[in-house]
Amino acid sequence: MIRDIQKSITNGFLFFSNLILQTTIKNKFDELFFDEKVNVDGLSIKDAQKNRISPFKWDLANRFKKIDLKESIDLDELSLYEQLLKKSRIIVTTNYDSFIENILIQKFNQNPTIYVGNKGFFDNTNGWSEIYKIHGSTTDPKSIVITKEDYDEYDKNSVLISAKILSSMIDSPIIFLGYSLQDRNIRNLLSDFSKQLPAEDPRKSANRIFVINRKENEKALDERIYTLEDSNITCTLIDTDNYKELFKKLLKINEGATPYEVKKYQRLIRKLIISSGQKGSLHSVMISPDNLDTLENKIDQNDPVVMALGEAKYFYVYPDLLSYIEDYFNNTNKYAPEVALAFAAREGNSRTRIPFSKYWHKIANLEEINLSESNKKKLLDKISYCGDLRSIKNSINSSYQIHFTSIEKISKQSGNSSIKKYELLSYNIDSLDLDELKNFIINQAIPDFKASITKGTNLKSSIRKFLLAYDFLINGNLK
């Protein structure tokens with residue numbers, strides 16, 4: 001069958017010949033699968049029909065999931081290639097397998113953003129450590145591009161791919177590695193570029209676009225300027241079989257912080273905020289990427305470090321009790337939920353009343369938040385002791401369990417006793433006007449709380465109770 005198809009191709013275009021072969025094989029394989037003449041690991045006929053999955057693509061994905069390196073591989077060359085991947089901002093590949101992302105994740109502890117098919121081309125991405133698997137991935141067999149129908153659909157969206165690469169080319173060079181100028185994918189991309197790029201000095205294009213062409217036994221890096229036929233695209237073509245030397249040259253390019261360092265910044269900033277901030281040790285300033293490799297050890301050793309990025313008003317400061325309360329009820333949102341919850345957990349003991357309901361309800365799953373197990377337990381203990389409005393009311397002395405419907409009447413009934421006033425407010429909080437309560441908290445309760453902290457009076461306990469009751473009323477109970 002295959003020989004017959006090959007003979008029918010008279011134009012000599014290898015790509016189209018292979019495309020017809022691939023389409024025919026896919027259709028025949030699927031037919032055999034549904035006739036129960038071949039089996040595919042992990043896929044049943046029912047699932048294939050229900051999810052409209054090609055058994056051929058599923059089987060293909062299974063095969064490409066198994067990555068075995070040849071025994072003859074040059075380990076030095078592989079190491080240089082890995083370093084080049086680590087340094088690349090954006091990687092666009094037509095490979096289905098996970099070889100590239102496995103290197104970044106397992107060897108360099110990176111967390112690259114991976115887009116499959118045309119996904120991500122409309123997203124406002126950050127342009128760092130991104131992998132675009134434009135012909136699909138083994139993680140999603142349906143995404144694999146291999147048949148004529150697949151390529152027809154892919155071609156409809158090819159302009160998106162070209163536009164994405166073109167936008168990244170403004171700041172960085174583009175290197176085509178593992179493709180020849182006869183490859184359909186690279187020719188289509190360059191053709192799309194020619195339609196979008198403004199007319200410019202050919203030397204500029206040549207300094208932006210590099211095509212590495214494998215020339216067997218060529219030890220030098222033979223560079224020449226090449227203009228694609230029927231287009232205004234000029235690129236630098238490098239003929240070589242010495243990839244070790246090529247990778248060394250490319251690794252000398254300095255574009256500042258690497259994607260690895262940028263991603264590491266993001267992770268370490270988070271750790272700094274949660275770990276160092278809690279200890280009140282944010283004194284030194286570290287802004288150099290050269291220190292990234294030792295920064296994490298400094299954090300773990302309790303050394304005083306901070307990374308300051310952005311405007312001063314956003315610099316991290318771990319809250320004290322009063323600043324936390326003021327921020328909480330004024331809704332100024334100065335603190336990330338993890339920071340606020342960590343503070344609430346560490347404030348006092350399990351019986352210490354502190355509002356944190358609005359942060360708690362933002363969490364879908366306690367396991368997803370970056371809190372220590374100790375702090376999680378402390379929060380759960382606080383919830384267990386006093387986690388709803390009913391528990392607040394039950395804790396109020398029976399002599400203060402008198403019904404009122406206005407703050408004014410409570411103030412008159414309380415006379416000069418501030419403790420009595422706040423106890424009555426807590427007991428009647430769900431019967432009072434919400435706007436009046438809000439104004440009372442901002443204009444009287446918080447100033448009273450500040451004064452009680454300064455003077456060390458017992459009033460602080462009653463105000464805590466009242467503020468927590470209001471929190472449950474507005475933001476919901478915790479149990």
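These numbers come from a predicted model, not from an experiment.
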Please give me the minimum heavy-atom distance between [X] and [Y], naming the atom from each residue.
{"X": "Asp327", "Y": "Lys358", "value": "O-NZ, 4.4 Å"}
{"X": "Gln401", "Y": "Ile396", "value": "NE2-O, 2.8 Å"}
{"X": "Gln413", "Y": "Leu424", "value": "CG-CD1, 4.1 Å"}
{"X": "Lys86", "Y": "Gln110", "value": "O-NE2, 3.5 Å"}
{"X": "Gly136", "Y": "Ser143", "value": "CA-OG, 3.2 Å"}

Counting only N and O atoms by type, is there a donor-acceptor contact under 3.5 Å from the side chain of [X] to the main-chain atoms of [Y]?
{"X": "Ser88", "Y": "Ile91", "result": "no"}
{"X": "Asp140", "Y": "Val116", "result": "no"}
{"X": "Asp97", "Y": "Phe99", "result": "yes"}

TODO: Run the ring-centre check on His135 versus Tyr96 and record whether the distance is less than 6.0 Å.
DONE: no
Just distance, no hydrogens or angles: give the donor-acceptor pairs under 3.5 Å from side chains in residues 465-479, sequence neighbours left out.
from   : atom 1 : to     : atom 2 : distance (Å)
Lys465 : NZ     : Glu423 : OE1    : 3.1
Lys465 : NZ     : Glu423 : OE2    : 3.3
Asp471 : OD1    : Tyr328 : OH     : 2.6
Asp471 : OD1    : Asn475 : ND2    : 2.6
Asp471 : OD2    : Tyr328 : OH     : 3.2
Asp471 : OD2    : Phe356 : N      : 3.4
Asp471 : OD2    : Ser357 : N      : 3.1
Asn477 : OD1    : Leu389 : N      : 2.9
Lys479 : NZ     : Ser384 : O      : 3.0

TODO: Would you mind listing every salt bridge (Lys or Arg N to Asp or Glu O under 4.0 Å) that reaches into residues 59-73, with sequence neighbours excluded?
DONE: Asp59-Arg63
Task: Asn458 and Ser461: side chain donor to acceptor below 3.5 Å - done: no
Task: Distance-only polar pair, side chains of Ser54 and Asp30, donor-acceptor under 3.5 Å - done: yes
Task: Ser374 and Ser372: CA distance, side-chain angles, deciding distance, side-chain hydrogen bond (donor to acceptor under 3.5 Å, both in side chains) verdict - done: CA-CA 5 Å; Ser374 174; Ser372 68; 4.8 Å; no
Output a table of donor-acceptor pairs, distance under 3.5 Å, between side-chain atoms of residues 434-441 and any protein atom two or more places apart or on a different chain; print 'none' if there are none.
from   : atom 1 : to     : atom 2 : distance (Å)
Lys438 : NZ     : Phe329 : O      : 2.4
Asn439 : ND2    : Asp435 : O      : 3.3

- [ ] Test Ser323 against Asp320 for side-chain hydrogen bond (donor to acceptor under 3.5 Å, both in side chains), laying out the working first.
- [x] CA-CA 6 Å; Ser323 63; Asp320 56 30; 2.7 Å; yes
Open item on the list: Is it the case that over 12 heavy atoms from other parts of the model lie below 6.0 angstrom from the NZ atom of Lys334?
Closed with: no
